[in-house]
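What follows is one structure encoded as structure tokens, with my remarks underneath.
Nothing here was measured: the structure is a model prediction, and the numbers come from that model. Numbering of residues begins at 1 and proceeds along the displayed sequence.
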Amino acid sequence: MKNTSKYVKQFFPVQQTEMKWVKKTHIEQAPTWCSVDLRDGNQSLMIPMSLEEKLEFFRLLVKVGFKEIEVGFPAASETEYTFLRTLIEQDMIPDDVTVQVLTQSREHIIRKTFEALKGCKNAIVHLYNSTSLAQREQVFRKSKEEIIQIAVEGAKLFEKIAAETGAAYRYEYSPESFTGTEPEFALEICNAVLDVWKPTSDRKAIINLPVTVELSSPHVYANQVEYMCEHLNYKEAVVVSLHPHNDRGCAVADSELGLLAGAERIEGTLFGNGERTGNVDIVTLALNMYAQGIEPGLDFGNMPEITELYERVTGMHVYERQPYAGKLVFAAFSGSHQDAIAKGMRWREEQHSDTWTVPYLPIDPTDVGREYETDVIRINSQSGKGGIGYLLEHNFGYVLPAKMREDVGYTVKSVSDKEHAELSPREVLDVFTAHYVNINDHIKLLDYHFERKPEMSVTLSVEIDGVVKELSAEGNGRLDAVSNAVKKQLNVEFSDLTYEEHALTSGSSAQAITYVSITLKDGKKVWGAGIHDDIIASSINALFSAVNRGINQ
């Protein structure tokens, strides 16, 4: 890549601006949201949505909470026209929802647009023409004055046709390719349009400042937005809107800084679909606000449902790492991440905390319809003891001792590594059960009987490699007596027996689990677990599990 000399800066920085937005630390309230999925997001599809798919998507957008929805370019095609007419004639537009339509500054197109809107209660008619230096010179080959004339004539046609039809819709104007337009000229053309419309506080006009192509860093755009907000005529009667595209991957940043700079409205799409690299991702932008305690006014509480419908009707795929919505965005495979998340979740429970500060998780996954069990702690060969222990505890109620979590972690990871696969929670449980619980391949408990005389005495009926035997011994307690019987009569050497136990379930069918560790004569520590509805039997089974595992090693 040796051709950088052919690239020049195509944007025009604002020379005089106070940059008030720099002093703000956060967005204080959500903007007005306008979805353009059914226009910009649809025209960018290889196979545009059918009428039925567009109607289904419209219902989804209403359900999510959008109050402004751009439904297309009705004069551009019969499909677009029919879609709008269907919405109106089947009374599918709620009273609190405004539909938006796009039109060029040409009389027959504007007339067809108003015709398509007949009977619509609430609408925004959106006029645009391109204003950038590159477009003026290369595409239209017109002067600034001629470009202004196109916009003004379109604005006047709006007024004329509205008067003829009796429509009282709101108006929007976009200086398309705003980011490549001299700020002073952008201001001049927008004010010329406003002077035609003469908006009032009861019927505000929208001035939309599109990032048709990202040409600069986000702070340059913020300065341009602030300049326009400060100098537009009819300021109290104008809503400044943003429509960022994502050519430089900065659409979310453009939007956030633009809102700090004074904008009040965002046009974008779910998951950022749109021409070229797409539009601003409203899901990301809204949930960024939500993560800082700002109510976004949109409900993404069932993200899996939203994602499924979006992928089905658009044929697009939501990337697995897409912020907030991707299948893997809450997933932690790394051992250190899993450990931190598990400890953070446990800390919240211990502290009865109402705030969310869990490491590595910017929001609570359940707030967007995800589940801890399947979405957060994901187990593969990179996982750690903390995550595996948390999964077994959170999903199945097994509270493993700290040292045992490490041992189980290595076992689970080795299985994942050998199979070159991620393990589901149930598969992790299966590994734990198969390797640690009620292991009886050499010594199997058949029955037991205890007496105190005065030390605790035990008589065990066991099956050893298929042969039934009786063992007996005494000890300081039940498990010590069993341990002595195994060591003395089966000639198995081990020491440092430790155990922990807890109930697995409650009620008459409650089961207990016991975790036992022993140290073999070579110094290696071995763990076993036992499960039974009798706590004594679970302890003996745990000891036999550890002994059997020691014999196998």
Side-chain angles (χ1 to χ4, degrees), residues 1 3-14 34-37 39-46 70 73 76 102-105 126-142 144 147-148 150-151 172-190 206-229 240-259 261 263 265-282 284-285 316:
M1 297 180 68
N3 296 315
T4 56
S5 60
K6 72 181 179 183
Y7 295 104
V8 297
K9 294 180 178 63
Q10 298 184 59
F11 60 89
F12 300 88
V14 177
C34 177
S35 162
V36 296
D37 288 272
R39 196 271 300 174
D40 202 342
N42 182 57
Q43 73 185 23
S44 61
L45 300 175
M46 289 182 287
E70 189 171 77
F73 200 147
L102 192 69
T103 180
Q104 294 172 322
S105 182
H126 183 183
L127 174 71
Y128 75 96
N129 68 309
S130 195
T131 60
S132 70
L133 176 61
Q135 293 261 19
R136 296 196 314 264
E137 289 182 340
Q138 302 170 35
V139 181
F140 301 108
R141 302 194 178 193
K142 291 182 181 294
K144 289 181 179 179
I147 296 295
I148 291 174
I150 292 172
E172 174 177 348
Y173 174 67
S174 288
E176 192 204 358
S177 61
F178 167 76
T179 46
T181 304
E182 304 90 322
E184 297 79 11
F185 178 58
L187 179 67
E188 182 181 0
I189 196 169
C190 288
I206 299 168
I207 293 296
N208 187 54
L209 306 176
V211 183
T212 307
V213 180
E214 278 192 312
L215 300 173
S216 68
S217 298
H219 74 286
V220 174
Y221 180 59
N223 286 340
Q224 294 167 337
V225 171
E226 182 174 281
Y227 172 80
M228 296 293 287
C229 289
V240 175
S241 174
L242 311 178
H243 184 120
H245 280 252
N246 199 41
D247 303 86
R248 291 167 55 96
C250 300
V252 169
D254 286 333
S255 300
E256 293 188 344
L257 297 191
L259 291 171
R265 183 176 183 269
I266 294 288
E267 294 185 353
T269 58
L270 299 183
F271 312 115
N273 183 34
E275 294 284 14
R276 305 184 314 280
T277 54
N279 293 346
V280 65
D281 179 352
I282 286 182
T284 298
L285 189 56
M316 302 289 284

Task: Nearest non-hydrogen partners of P210 and F178, listed with the distance - done: O-CB, 3.3 Å

Open item on the list: Any donor-acceptor pair under 3.5 Å linking the side-chain atoms of N246 with those of T277?
Closed with: no

Task: Min side-chain heavy-atom separation R265-E172 under 4.5 Å - done: yes

TODO: Compare every heavy atom of V225 with every heavy atom of G258, then report the nearest pair and how far apart it is.
DONE: O-CG1, 3.7 Å

Task: Any side-chain heavy-atom pair of D40 and H243 under 4.5 Å - done: yes

Task: Distance, nearest 0.5 Å, that separates SG of C34 from CD1 of I266 - done: 10.5 Å

Open item on the list: Could you report the tightest heavy-atom contact between D254 and H245, atom names first, then the distance?
Closed with: OD2-O, 4.3 Å

Task: Sequence neighbours excluded - salt bridge (Lys or Arg N to Asp or Glu O under 4.0 Å) pairs with any residue from residues 241-251 - done: D247-R276

Task: Flag side-chain contact, heavy atom, 4.5 Å: L242 against V211 - done: no

Open item on the list: Do K144 and E188 have side chains that approach each other closer than 4.5 Å (heavy atoms only, starting at C-beta)?
Closed with: no

TODO: Answer yes or no: is there a side-chain heavy-atom contact under 4.5 Å between S216 and T179?
DONE: no

Task: Residue pair Y173 / Y128: nearest heavy atoms and the distance that separates them - done: CE1-CA, 4.3 Å

TODO: Kindly give the heavy-atom pair with the smallest separation between S255 and V280, and that separation in Å.
DONE: OG-CG2, 3.3 Å

Task: Main-chain N/O of D37 paired with N273 side-chain donor or acceptor, under 3.5 Å - done: no

Open item on the list: Can you tell me how far apart OG (S130) and CZ (R136) are? Round to the nearest 0.5 Å.
Closed with: 9.0 Å

- [ ] Working to the nearest 0.5 Å, report the span between CZ of F271 and OG1 of T284.
- [x] 9.0 Å

- [ ] Say whether, by atom type as modelled, one donor and one acceptor occur between the side chain of E214 and the main chain of C250 under 3.5 angstrom.
- [x] yes

Task: Side chains of T131 and F185 in contact at under 4.5 Å (non-hydrogen atoms) - done: yes

Task: Heavy-atom donor-acceptor pair, E256 side chain to L285 backbone, under 3.5 Å - done: no

- [ ] Could you tell me whether the side chain of T212 and the main chain of S177 form a donor-acceptor pair under 3.5 Å?
- [x] yes

- [ ] State, with a plain yes or no, whether a side-chain heavy atom of L187 is found less than 4.5 Å away from one of M228.
- [x] yes

Open item on the list: So does N279 get a backbone contact from the side chain of T269, meaning a donor-acceptor N/O pair under 3.5 Å?
Closed with: no

Open item on the list: Just verifying a value: how many Å separate Q224 CD and H219 NE2, rounded to the nearest 0.5 Å?
Closed with: 10.0 Å

Open item on the list: Just so I know, are the side chains of S35 and L270 near enough to count as touching, which here means a heavy-atom distance under 4.5 Å?
Closed with: no

Open item on the list: Taking E267 first and then R39, would you say they form a salt bridge - that is, a charged N and a carboxylate O separated by under 4.0 Å?
Closed with: no

Task: Check against side chain to side chain contact (heavy atoms under 4.5 Å, CB included), N129 and F140 - done: CA-CA 11 Å; N129 68 309; F140 301 108; over 6 Å; no

- [ ] Supply the atom-to-atom distance K142 NZ to I148 CD1, rounded to the nearest 0.5 angstrom.
- [x] 13.5 Å

Task: Polar side-chain atom of N223 near backbone of V14 as donor-acceptor pair, under 3.5 Å - done: no

Task: Which atom of A263 lies closest to which atom of C229, heavy atoms considered - done: N-SG, 4.0 Å

Task: Separation of S174 OG from L127 CG (nearest 0.5 Å) - done: 8.5 Å

